[in-house]
Amino acid sequence: NASFTGSLPFAMWYDELAKDGSSTTTAEGVAKTLVQYLYQLNSATYKKEAALIGFTQEFSMDFAQLESDIMNKGRIDVINRVNAAILPNITAAATAYNSGVAFKGGVVVPNVNDFDVIAAMAAQVDNATFGASANAAIMSTFKKYRMGLSKETTGGYLNTPDILNGVSFIGNPMMASDQIIVGDFKQYNIILRGGLIVRVGFNGNDFAENKYSVVMEQFYFDYISTIRKTAIVKGPDFATVRTAISV
């Protein structure tokens, strides 16, 4: 028997460490500078998001189309729950916004608005990361749509500033009303161990009660190397960053 009670599969991953050395301008005939990129092999148990759905044999025979609809909703709900579980981990890993003084450069941002906030956070991401730019801003779903209705004093709609081209505005129901995270999310790793697993069988008294059960589960693991955490910046909210760049 190759199983262990209470055990989940292990994920193996490489945590990137700070490199030794860097390239230098080198004259002809002079030895080049040694650069070493360092990694540490880590392991952790995969996380598992799972659901159990029960059906009676009669329901399956009489309402096959409805059963199929329930199965599809179950798959969607499990994957949505994985996404919801990862968001707090991203938030915990994010670096707090701390570059208001540098962003202002001695001059406060006049008439500051929510687009200015995202631009200020994207600037911190771009300044600290690794040859890549901020690619997304995560906020509450309602905030995303309110920003889309931003107007000038005459009632005309404000367009997203060109400086934010390439930054997707993502509404997430798990985000608080004024919460904001901006980052280069390519630096955050989400590893799925295979696809969604669906198994059908008997659970408890299912056989005696003319029932059967469907298990849906997804194994996954998520992480970001410590030196890459500057690629994701949290406000923690629009109000905090708005004050930092306008006072």
Side-chain angles (χ1 to χ4, degrees), residues 13 15-18 42 44 47 49 79-105 108-150 158 160-191 220-247:
W13 55 283
D15 188 12
E16 183 180 359
L17 306 178
N42 288 341
K47 301 162 188 174
E49 191 71 32
I79 297 304
N80 284 345
R81 272 289 306 144
V82 170
N83 292 333
I86 289 173
L87 181 59
N89 299 338
I90 293 175
T91 303
T95 301
Y97 181 74
N98 56 26
S99 58
V101 173
F103 184 76
K104 289 183 294 187
V108 300
V109 178
N111 305 315
V112 66
N113 62 26
D114 291 335
F115 292 119
D116 300 332
V117 167
I118 293 176
M121 297 177 69
Q124 180 171 318
V125 172
D126 291 7
N127 188 64
T129 52
F130 313 88
S133 302
N135 56 23
I138 305 177
M139 64 199 78
S140 82
T141 307
F142 294 111
K143 184 71 170 183
K144 171 189 172 181
Y145 282 92
R146 287 201 306 274
M147 287 189 67
L149 296 176
S150 298
L158 292 176
T160 304
D162 289 343
I163 195 67
L164 292 177
N165 286 345
V167 179
S168 300
F169 290 14
I170 299 173
N172 190 309
M174 298 295 294
M175 296 285 280
S177 60
D178 202 44
Q179 188 179 2
I180 177 67
I181 301 175
V182 179
D184 171 18
F185 290 95
K186 297 188 299 295
Q187 309 299 334
Y188 196 93
N189 300 277
I190 301 171
I191 302 170
Y220 71 96
F221 182 69
D222 60 301
Y223 74 94
I224 184 171
S225 293
T226 299
I227 68 168
R228 299 258 168 176
K229 289 181 178 180
T230 53
I232 303 174
V233 175
K234 54 188 173 186
D237 48 45
F238 280 89
T240 299
V241 180
R242 194 181 297 115
T243 298
I245 64 176
S246 63
V247 176

If I compare all heavy atoms of [X] with all of [Y], which pair ends up nearest, and what's the gap?
X	Y	value
Pro88	Ala85	CD-O, 3.3 Å
Val182	Ala134	CG1-CB, 4.0 Å
Ile245	Gly100	CG2-CA, 4.4 Å
Ala136	Phe185	O-CE1, 3.4 Å
Asn98	Gln124	N-OE1, 3.0 Å
Ala244	Tyr97	CB-CE2, 4.0 Å

In Å, rounded to the nearest 0.5 Å, how long is the span from [atom1] of [X] to [atom2] of [Y]?
X	Y	atom1	atom2	result
Thr240	Gln179	OG1	CD	11.0 Å
Ile227	Asp15	CD1	CG	8.0 Å
Thr95	Lys229	OG1	NZ	8.0 Å
Ile86	Thr91	CD1	OG1	11.5 Å
Glu16	Asn189	CD	CG	10.0 Å

Does the side chain of [X] reach to within under 4.5 Å of the side chain of [Y], using non-hydrogen atoms?
X	Y	value
Arg242	Asp116	no
Phe169	Thr160	yes
Lys143	Ile180	no
Phe115	Ile163	no
Phe238	Ile118	yes
Met121	Val125	no
Asn113	Leu158	yes
Ile232	Tyr188	yes

For Lys186, the salt bridge (charged side-chain N to carboxylate O under 4.0 Å, His left out) test, sequence neighbours excluded, returns Asp184
For the pair Asp114 and Arg146, find out whether any cationic side-chain nitrogen is under 4.0 Å from an anionic carboxylate oxygen.
->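 The answer is no: the pair does not qualify as a salt bridge.
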Checking side-chain contact (heavy atoms from CB on, under 4.5 Å) against Met175, which of Ile170, Thr141, Ile181 comes through?
-> Ile181
